[in-house]
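Chain identifiers are assigned alphabetically (A, B, ...) following the order of the sequence lines, protein sequences preceding nucleic acid strands; residue numbering begins at 1 within each chain. Being a predicted model, the structure only gives us computed values, none of them experimental.
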There are 2 protein chains.
Amino acid sequence: MIVAAARRVVEAEGLDALTLRRVGHELGTGQASLYRHIADRRELLELIADDVARDLPRPREGDDPRRRLLDLWRAGHDYLARHRWAARIIADGDIVSPHAERFASAALAALVDAGCPESEALRGYRALWHLLLGHLLNAHPLGHHVGGEPATSPGDNVSADDPGAEFGWALTRLVDGILGRDR
Amino acid sequence: MIVAAARRVVEAEGLDALTLRRVGHELGTGQASLYRHIADRRELLELIADDVARDLPRPREGDDPRRRLLDLWRAGHDYLARHRWAARIIADGDIVSPHAERFASAALAALVDAGCPESEALRGYRALWHLLLGHLLNAHPLGHHVGGEPATSPGDNVSADDPGAEFGWALTRLVDGILGRDR
DNA sequence: ACCTGAACACCGTTCAAGT
DNA sequence: ACCTGAACACCGTTCAAGT
């Protein structure tokens, strides 16, 4: 399968290594043959993006709603952090991914369950998604060295070297801001 | 000046149109001549990214600190939204932009002024930057059509069609979450 | 009818040849 | 010494020629 071959390349060598010639070679065929199955390179990117989206996490049952919301997004972040190339694909093109919509629906529902008014849920979802995307796409914020080394004060166990924890910190703040909860 | 020529191209025709041949033509010279002034294409991107960063907004004086913080980020967003290609450059490479650091320092100081503990300011800054970057890079969140059309309820004057206002909404929530303020 | 080698129009980058 | 035309090693995409 062409999607499987493309994913093998992209997981092993990154998005820049994903050329049609490389995928063709992986399948033991010429690059021109790929055009029997896809319209262009963009479509191939769309297909592998949807393929990763298939394994986006589902919400866990049972926890309290706010916890469930936070865990879902944190799990989504950690999963996509292992497949950063997917974030790059989503950012460039206007990709429509059916499998991603399942995650989006779950995230929207979790937000409402946690107490977000329905009229704000969609904007809240988008805000969370943009926060996630920003974290995935930019390891180093604008002007790395602002303020010198991260002032690791006592009790500050979240360093920039642990992107998952850093996202978790930001996520909690944004969720609390959306839910209007004081900590 | 080579940077000016490159910016002319990128502003008029977008980042994908920025080829070295095109810039060379703009300057009335061959593409090979550019290598007298820059090491490679990446360096040219870095130079024009730093060039936009020169005009990033400065904080306004006088307002109350929270307002000043919100205005600074909102102005930063609106400015970069007019130069979206810059966000793409920052997202791909590990760009170090001296001019961007001035904005970053101001944003950090504004956060502290607004009451953010120093030990959290850097993480707060990064969270805000990632939210901004996510907004700039992704016009359409994962699976556009979740929940059908944005449920524009009465009093909901922020639609997805106004990216500036949408960012403003998310920004306010994240800032309030960081500052631990209840609305 | 289906597949694909070879070609086309690009790209960033290099380097020997020109001044 | 400085500049650059022409070439090189890539791309995505097309299409006529092969089966």
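Using Watson-Crick or G-U wobble geometry with both donor-acceptor distances under 3.5 Å, dC10(D) finds no partner in any strand shown. A 3.5 Å limit on both hydrogen-bonding distances identifies dG18(D) as the Watson-Crick or G-U partner of dC2(C).
Remark: the backbone N or O of L18(A) is paired with a side-chain donor or acceptor of R41(A) at under 3.5 angstrom. Looking at D50(A), its side chain does come within 3.5 Å of a backbone N or O of H99(A) through a donor-acceptor pair.
With values rounded to the nearest 0.5 angstrom, R102(B) atom CZ is found 3.5 Å from R58(B) atom CZ.
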Checklist entry - Stepwise, does the side-chain contact (heavy atoms from CB on, under 4.5 Å) test hold for L131(B) with H135(B)? => result CA-CA 6 Å; L131(B) 183 71; H135(B) 272 261; 4.0 Å; yes
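Closest non-hydrogen pair, L111(B) versus G124(B), comes out as CD2-C, 3.7 Å.
Comparing H37(A) and R21(A) along DNA chain C, the residue whose closest nucleotide (by nearest heavy atom) sits nearer the 5' end is H37(A). For A39(A) and A17(A), each mapped to the nucleotide of DNA chain D holding its nearest heavy atom, the one lying further toward the 5' end belongs to A17(A).
L128(A) is not listed as a side-chain neighbour of L132(A), based on a closest heavy-atom distance of 4.5 Å or more.
The residue R41(B) sits close only to the backbone: its heavy atoms come under 4.0 Å of sugar-phosphate atoms, none of a base.
Look at the P atom in both dA1(C) and dT14(D): the space between them is 22 Å, to the nearest Å.
Running 5' to 3' along DNA chain D, contacts with non-hydrogen atoms of chain B at under 4.0 Å begin and end at dC3(D) to dA7(D).
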